[in-house]
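Inspection log for the structure reproduced underneath, given as structure tokens.
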Amino acid sequence: MSDADEYAWRFLKENDRDRYLATLVLDDRHRPAITALFAFSADVASIRDRAKVPAAGEIRLQWWHDALAGAGHGDVRQNPLADAVLDAVSAFGLPIPALTRLLTARRFDLYDDPMPDVATFQGYAGETASALYQLAAMVLNSGRPVEPGDAAGHLGVAQAYAGHLRAFGYYAAQGRVFLPWAVLAANGVQESEVFTGTASEGLAEALGQIEEMARSHLERAEAAIAALPRTLRSCFAPIALIRRQLALFDARRPFQPQTDMADWRKMTSVGLWKLRHA
């Protein structure tokens, strides 16, 4: 393992525990590249928290744009995470536009505008989560596109829904709403309820409807993954965690920390999933 790969591995372990645990079931040839992609995503996802103000976040996103385009100032390869990502891109011929679209989508994170509707949320999820699975599947396929992309598409949307359901209270405390506001509004939810941490029947109903959307995408992802060759399935192992986390979500207590599994249970879940499916 190179120094850059080691850095990406440690960064992912510290910043996106679930995806890190899922990479442990990958084979040695493909694990470094997929780990680098997931670590890149974790870095970009954390920009808002680290940058504090939108302008600083925009600068960091632009740095990544330049790094991927080969137009960065100085030696981009001195950054070990960028080095690992560029190695993955080069080794497997991965399309740079998929990564730059992820950066563009993440601009939404820098501001406090609510997510307007289901279509916008699913587009955001497609660029930020589904794209990662599509690229990971390409790595397993020696750089060749994996068609159709239904497995990556549906799993990414399901994961985004599940993650933002579980983090609803965390973001609400910051005055932010990542889930489709149109669904909340249709159930009579007011911004004042969300930002003051006030649970209500309407909010529970809205979150329950979004949970059902997540389950629907998860079921379609399962069917699409089953249709893939077994050699291309292992990168979709996080599906085992997403299903359990949706089962643990409590829509009536959305502002409380949500119950999660211990790491050993997560490792067991992804390991068993791989044995049965990949």
Side-chain angles (χ1 to χ4, degrees), residues 1-47 49-51 57 59-103 106 127-146 152 155-156 159 229-238 241 263 266-267 270-271 273-274 278:
M1 182 183 292
S2 70
D3 289 346
D5 290 338
E6 175 78 12
Y7 180 89
W9 179 80
R10 292 189 182 279
F11 186 89
L12 185 63
K13 183 178 182 180
E14 294 170 4
N15 292 278
D16 190 339
R17 193 73 175 176
D18 286 359
R19 283 199 176 111
Y20 159 74
L21 293 172
T23 64
L24 299 182
V25 302
L26 299 170
D27 64 82
D28 291 342
R29 176 170 178 258
H30 300 109
R31 186 185 302 118
I34 294 175
T35 297
L37 292 172
F38 288 175
F40 163 75
S41 173
D43 179 80
V44 176
S46 68
I47 286 177
D49 290 336
R50 288 182 286 127
I59 290 170
R60 181 61 179 175
L61 288 174
Q62 187 59 51
W63 185 91
W64 270 115
H65 270 286
D66 293 344
L68 292 170
H73 299 290
D75 189 357
V76 168
R77 291 278 188 167
Q78 292 302 310
N79 180 301
L81 182 52
D83 193 25
V85 173
L86 292 172
D87 277 349
V89 167
S90 175
F92 293 95
L94 303 178
I96 293 292
L99 297 175
T100 56
R101 286 194 298 271
L102 184 152
L103 294 172
R106 283 291 184 185
E127 300 291 8
T128 58
S130 300
L132 280 182
Y133 288 114
Q134 189 68 12
L135 290 170
M138 287 182 65
V139 170
L140 295 181
N141 203 32
S142 301
R144 296 185 299 275
V146 176
L155 185 59
Q159 185 170 48
R230 293 183 72 90
T231 54
L232 303 184
R233 296 180 192 172
S234 59
C235 66
F236 298 105
L241 305 183
D263 280 358
K266 291 181 179 181
M267 268 306 305
V270 296
W273 185 89
K274 183 182 179 182

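Because the structure is predicted, anything quoted here is derived from the model rather than measured.
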For this session: Give, for atom NZ of K13 and atom CG of L21, the distance between the pair rounded to the nearest 0.5 Å.
Result: 9.0 Å
Problem set entry | Pair M138-C235, side-chain contact (heavy atoms from CB on, under 4.5 Å): steps then yes or no | CA-CA 10 Å; M138 287 182 65; C235 66; over 6 Å; no
Exercise. Which residues pass the side chain to side chain donor-acceptor pair (under 3.5 Å) test with R230, sequence neighbours left out?
Worked result: none
For this session: With rounding to the nearest 0.5 Å, note down the distance linking OH in Y133 to CD1 in I34.
Result: 10.5 Å
For this session: State, to 0.1 Å, how close F11 and A39 come at their nearest heavy-atom pair, and which atoms those are.
Result: CE2-O, 3.6 Å
Problem set entry | Pair I59-Q62, side-chain contact (heavy atoms from CB on, under 4.5 Å): steps then yes or no | CA-CA 5 Å; I59 290 170; Q62 187 59 51; 5.7 Å; no
Problem set entry | Under the side-chain contact (heavy atoms from CB on, under 4.5 Å) test, residues paired with L232 that sit two or more places apart | L140, N141, V146, P229
Problem set entry | Side-chain touch V44/L103, heavy atoms, less than 4.5 angstrom | yes
Exercise. Minimum heavy-atom separation for L26 to S234, with atom names?
Worked result: CD2-OG, 3.4 Å
Problem set entry | L241 and R19, any side-chain heavy atoms less than 4.5 Å apart | no
Seminar exercise, completed: Y20 meets the ring pair (Phe, Tyr, Trp, His ring centres under 6.0 Å) criterion, sequence neighbours left out, with W9
Problem set entry | Any donor-acceptor N/O pair, R31 side chain to T23 backbone, under 3.5 Å | yes
Seminar exercise, completed: For K274, the salt bridge (Lys or Arg N to Asp or Glu O under 4.0 Å) test, sequence neighbours excluded, returns none
Seminar exercise, completed: In short, A137 meets F236 closest at the heavy-atom pair CB-CZ, 4.2 Å
For this session: Only counting residues at least two apart or in another chain, list the ones meeting side chain to side chain donor-acceptor pair (under 3.5 Å) with E6.
Result: R10
For this session: Please examine the side chains of R106 and I47, heavy atoms only from C-beta on, and report whether any two atoms are closer than 4.5 Å.
Result: no
Problem set entry | Gap between atom OG1 of T100 and atom CG of L68 - 0.5 Å precision | 7.0 Å
Problem set entry | Under the side-chain contact (heavy atoms from CB on, under 4.5 Å) test, residues paired with N79 that sit two or more places apart | R60, W63, L81, A82
Exercise. Looking at residues at least two apart in the chain, or sitting in another chain, which of them share a salt bridge (Lys or Arg N to Asp or Glu O under 4.0 Å) with D3?
Worked result: none
For this session: State which residues pass ring pair (Phe, Tyr, Trp, His ring centres under 6.0 Å) with F40; sequence neighbours excluded, sorted by chain then number.
Result: W64
Exercise. Should D43 and N15 count as side-chain neighbours, where that means a heavy-atom distance under 4.5 Å?
Worked result: no
Exercise. For A131, what residues pass the side-chain contact (heavy atoms from CB on, under 4.5 Å) criterion, not counting sequence neighbours?
Worked result: none
Exercise. Looking only at heavy atoms, what is the nearest atom pair of L94 and L135, with distance?
Worked result: CD2-O, 4.1 Å
For this session: Go through T35 and D5 one step at a time and tell me if the side-chain contact (heavy atoms from CB on, under 4.5 Å) criterion holds.
Result: CA-CA 8 Å; T35 297; D5 290 338; over 6 Å; no
For this session: Heavy atoms only: give me the nearest D83-A4 pair and the separation to one decimal.
Result: OD2-CB, 3.5 Å
Problem set entry | Partner set under side chain to side chain donor-acceptor pair (under 3.5 Å) for D263, not counting sequence neighbours | R17
Exercise. Listed by chain and number, what are the side chain to side chain donor-acceptor pair (under 3.5 Å) partners of T231, not counting sequence neighbours?
Worked result: none
Problem set entry | Residues which pass side-chain contact (heavy atoms from CB on, under 4.5 Å) with A22, listed by chain and number, not counting sequence neighbours | P238
Seminar exercise, completed: What one should report as the nearest heavy-atom pair of A36 and A88 is CB-CB, 4.4 Å
Problem set entry | Distance (rounded to the nearest 0.5 Å) between D66 CG and L61 CG | 11.0 Å
